[in-house]
Structures are given as C-alpha cells and as structure tokens.
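First the structure, in the form of structure tokens, and then the observations on it.
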Amino acid sequence: DTAVSQTPKYLVTQMGNDKSIKCEQNLGHDTMYWYKQDSKKFLKIMFSYNNKELIINETVPNRFSPKSPDKAHLNLHINSLELGDSAVYFCASSQGTGGETQYFGPGTRLLVL
Amino acid sequence: GQNIDQPTEMTATEGAIVQINCTYQTSGFNGLFWYQQHAGEAPTFLSYNVLDGLEEKGRFSSFLSRSKGYSYLLLKELQMKDSASYLCAVIRARGGATNKLIFGTGTLLAVQP
C-alpha cells in the first residue's frame, strides 16, 4: 500500500493554463504539506494543513491555492501557470505539527511550456 | 532568519566511509533530520537528532552539536546504491505548536567502484 500518493506523476501544460495536483495519505496523519523542489534540487515548503486547517503559508503567489477536503487529502490548484512554476511538487504528511517525521509522496513533475 | 550549509557534491569509493557535514543557523531550533533522495524519487527519512550526540542506525549514523550548530551524517561500508542526494533539514519552532522543516540544498554523493 502506498502511504502518500500523488496524481498525476507528470504534468506538461501551456503557460496560462490552470491545473490541479492531488495528494492522499493513508497513514492516519493529521498534518499534510506541499513542497516545491526547483531545478537546483532545493526543497522549500509552500503550505501546511493540520486537520483541514491552513497553518503554514509561505509567501506563495496567490495563484496557488491549496484545499484540504479532509485530513487525508490535500490538493493544490495553480491558476495562470507561468514558466517559473516548472518544478517537482512533493506532498508530505506527519502525525502532528511538532516536528514529527514527514513522509513524502512520489512527487509531481510539472513542466510549463 | 535561517541558513543551512552542506557541501554540494562528494565522491567516495565503494566500501569506504564518508561523512557529510551540515551547519545551520536558525532561531527556535527544535531538531534536525537527514533525508536521502535518489534521482527522480521522493526524499526518504534517514535519521532525527534533537539532543547532542550520536544516533546510530545500521550503516548510517548522525551526530548533532546544538551549541556549534553542526551535524554530520556518517555512512559506513558504502554501497553503490548509496549514490543519492542527502538532505539536512532543521525543524524551526514557530508560534504555538506549529513547527517548520527547513531544508538545506543537499549533498549529491557519488559512490564509485
């Protein structure tokens, strides 16, 4: 069983389009995250939700809107995609918000043309 | 603010020992993680240190000195499959119970025969 899963794995799209990435975890964790890993492999947190409540929002353009329908799911919607949005987006989850180990999904490779 | 430094690349020989260093400066330090990331894959948890000292787990050990803002990951009996990026990540305590994981840029380790 996959602990943290993301769809799609690959996403190629044109500039200006709107796209969504979905994440699901079956670990029973309360907290989920979105990270962006750029071409230099730098992994940076974007958002975090705890029990469907947004707790971390790291100065991300408002074209990015996370949504958590329940604590096992965290989706990321991106409006008006730009070339600079090309990156790998990782979802992760942890039991709590106090620094517990985070478990990462397989990543979504987004390429904006 | 926060700053995490690791060497960008390292090369080692199969069967040898390699030490990957990480120095950090951050407010609200609440622990340090090491993650392994193979090319095209998700980061996977290796170790966690919050107290000073050495944590050993099989071929991998991790050391922390909070007073020096310093950690290292020690890999023994290197195998070809250990070729990967090794990410140092610091937990920074924020207001309330929410902590944030801040990653370094990672060290790309190449294990040669």
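Values reported hereafter were calculated over all heavy atoms of this structure, with side chains retained and with hydrogens, waters and symmetry mates removed. Order of the sequence lines sets the chain letters (A, B, ...), proteins ahead of strands, with each chain counted from 1. Quick caveat, the model's predicted, so the values are computed rather than measured.
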Quiz item: Taking it one step at a time, do A:Phe47 and A:Phe64 satisfy ring-ring contact (aromatic ring centres under 6.0 Å, His included)?
Solution: CA-CA 10 Å; A:Phe47 300 103; A:Phe64 290 77; 7.3 Å; no
Quiz prompt | B:Leu64 and B:Tyr48, any side-chain heavy atoms less than 4.5 Å apart | solution = no
Quiz item: What part of A:Gln102 gets closer than 4.5 Å to chain B, counting heavy atoms only: side chain, backbone, both or neither?
Solution: both
Practice problem: Side chain from CB out, backbone as N, CA, C, O: work out which of these in A:Tyr35 comes under 4.5 Å of a heavy atom of chain B, or both, or neither. | Solution: side chain
Quiz item: Any idea which of A:Asn50, A:Thr101, A:Val88 has the most non-hydrogen atom pairs under 4.5 angstrom with chain B?
Solution: A:Thr101
Quiz item: Does the side chain of B:Ser71 come under 3.5 Å of the side chain of B:Trp34 through a donor N or O and an acceptor N or O?
Solution: yes
Quiz item: Is any side-chain heavy atom of B:Ser47 closer than 4.5 Å to a side-chain heavy atom of B:Glu55?
Solution: no
Exercise. State whether a side-chain donor-acceptor pair under 3.5 Å links B:Asp5 with B:Tyr24.
Key: no
Quiz item: What part of A:Ile55 gets closer than 4.5 Å to chain B, counting heavy atoms only: side chain, backbone, both or neither?
Solution: both
Quiz item: Contact part of B:Leu87 toward chain A, heavy-atom cut-off under 4.5 Å: side chain, backbone, both or neither?
Solution: side chain
